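First the structure, in the form of structure tokens, and then the observations on it.
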Amino acid sequence: QVQLVESGGGLVQAGGSLRLSCTASPSSVSINAMGWYRQAPGKQRELVALISSESSTTYADSAKGRFTISRDNAKNTVYLHMNNLKPEDTAVYYCYAHITYQFSNPNYWGQGTQVTVSS
């Protein structure tokens, strides 16, 4: 029922920047935590960054100092600002959302957006 739609992926040169966004619908949904995962070809999906409802953040070591996650609760949107991109950042980036209900705590995933960093 809840849908996550990512945007902002594309092709950039090493050292460049990119901003990903993910919007959850319907707009009335109350999201606890949101984040970004990525999966490179032939690799396992891995956490990139998480942000809680209180806006506390968690980053993968590879993302610290380069990536910034933020959220706009009014828009039900999470962002990932990526700076100083490296070829090893190339992957499909997936938006993630965790929702807390009275009787369930489902996880939702977007369809992914491709980020390609050229050397």
Side-chain angles (χ1 to χ4, degrees):
Q1 189 173 58
V2 174
Q3 295 184 0
L4 305 176
V5 179
E6 305 105 329
S7 64
L11 174 64
V12 297
Q13 292 183 336
S17 299
L18 205 61
R19 187 188 75 166
L20 306 181
S21 64
C22 171
T23 299
S25 63
S27 59
S28 59
V29 69
S30 180
I31 300 174
N32 192 332
M34 300 187 75
W36 292 92
Y37 289 71
R38 68 186 181 189
Q39 187 167 20
K43 301 295 184 180
Q44 187 173 312
R45 187 175 298 187
E46 64 178 358
L47 171 70
V48 178
L50 287 173
I51 184 166
S52 72
S53 59
E54 298 80 30
S55 295
S56 62
T57 58
T58 300
Y59 295 94
D61 288 340
S62 61
K64 291 179 180 177
R66 298 189 300 123
F67 294 2
T68 302
I69 188 170
S70 62
R71 64 190 292 171
D72 185 338
N73 291 331
K75 297 180 179 179
N76 255 13
T77 298
V78 63
Y79 304 94
L80 184 67
H81 290 81
M82 302 184 291
N83 298 314
N84 192 24
L85 284 162
K86 304 175 181 180
E88 50 263 44
D89 295 318
T90 296
V92 177
Y93 284 70
Y94 296 92
C95 180
Y96 162 84
H98 178 70
I99 302 174
T100 300
Y101 295 114
Q102 183 176 6
F103 300 109
S104 64
N105 301 276
N107 299 311
Y108 292 94
W109 296 90
Q111 292 299 306
T113 184
Q114 177 71 46
V115 171
T116 302
V117 184
S118 62
S119 59

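Positions are given from 1 along the sequence. Owing to the predicted nature of the structure, the values given are computational and were not obtained by experimental measurement. Atoms considered below: every heavy atom in the structure, side chains included; atoms not considered: hydrogens, waters and symmetry mates.
- Interatomic distance, CD of Glu54 versus CZ of Arg71, reported as 8.5 Å (0.5 Å rounding).
- There is a path of hydrophobic side-chain contacts, each under 4.5 Å, that joins Tyr93 to Val12.
- Put simply, the side chain of Arg66 reaches to within 4.5 Å of the side chain of Asp89, judged on heavy atoms.
- Each of Thr57, Leu85, Asn83 was evaluated against Phe67; a single residue qualifies, Leu85, per the side-chain contact (heavy atoms from CB on, under 4.5 Å) test.
- Atom CD of Glu88 sits in a crowded spot, with more than 12 heavy atoms from other residues, nucleotides or ligands closer than 6.0 Å.
- Side-chain contact between Tyr96 and Arg45 is absent, with no heavy atoms from C-beta onward closer than 4.5 Å.
- Rounded to the nearest 0.5 Å, atoms OG (Ser25) and CD (Gln1) are 10.0 Å apart.
- The minimum heavy-atom distance between Leu47 and Ala60, with the atom names listed, is O-CB, 3.3 Å.
- Leu11 and Leu18 fall into different hydrophobic clusters, defined by Ile, Leu, Val, Met, Phe, Trp and Tyr side-chain heavy atoms under 4.5 Å apart, directly or through other members.
- Contact of the Asn105 side chain with the His98 side chain is registered, since non-hydrogen atoms from C-beta on lie closer than 4.5 Å.
- The closest donor-acceptor contact from the side chain of Glu6 to the backbone of Gln111 lies under 3.5 Å.
- Under the 4.5 Å side-chain heavy-atom criterion for grouping Ile, Leu, Val, Met, Phe, Trp and Tyr, Val92 is not connected to Val48 through any hydrophobic cluster.
- Under the 4.5 Å side-chain heavy-atom criterion for ILVMFWY residues, a single connected hydrophobic cluster contains both Tyr94 and Leu50.
- Interatomic distance, CE of Met34 versus CD1 of Ile99, reported as 8.5 Å (0.5 Å rounding).
- The distance from atom OG1 of Thr100 to atom CG of Asn32, rounded to the nearest 0.5 Å, is 4.0 Å.
- To the nearest 0.5 Å, the span separating CG on Leu4 from CD1 on Ile31 amounts to 6.5 Å.
- One hydrophobic cluster, built from ILVMFWY side chains closer than 4.5 Å, holds both Tyr108 and Ile51.
- The two atoms that bring Leu80 and Ala49 nearest to each other are CD1-CB, 4.2 Å, heavy atoms only.
- Taking the six-membered ring where tryptophan is involved, the planes of His81 and Tyr79 are tilted, since the angle between them lies from 30° to 60°.
- Atom OH of Tyr59 sits about 6.5 Å away from atom CD1 of Ile69, to the nearest 0.5 Å.
- By the neighbour-count criterion of 12 heavy atoms within 6.0 Å, atom CD of Gln3 is sparsely surrounded, having that number or fewer from other residues, nucleotides or ligands.
- Residues Ser119 and Ala14 approach most closely at CA-CB, 4.4 Å, considering heavy atoms.
- Thr90 and Thr116 are not linked by any side-chain donor-acceptor pair at a separation below 3.5 angstrom, with hydrogens and angles left out of the test.
- Between Asp61 and Lys64 a salt bridge is recorded (basic side-chain N to carboxylate O distance below 4.0 Å).
- Within the structure, disulfide bond (SG atoms under 2.5 Å apart) pairs that include any residue of residues 5-66 comprise Cys22-Cys95 (at least two apart or interchain).
- Looking at heavy atoms from C-beta onward, Leu20 lies in side-chain contact with Met82 at the 4.5 angstrom threshold.
- In terms of modelled atom types and a separation under 3.5 Å, the side chain of Tyr101 and the main chain of Pro106 share no donor-acceptor contact.
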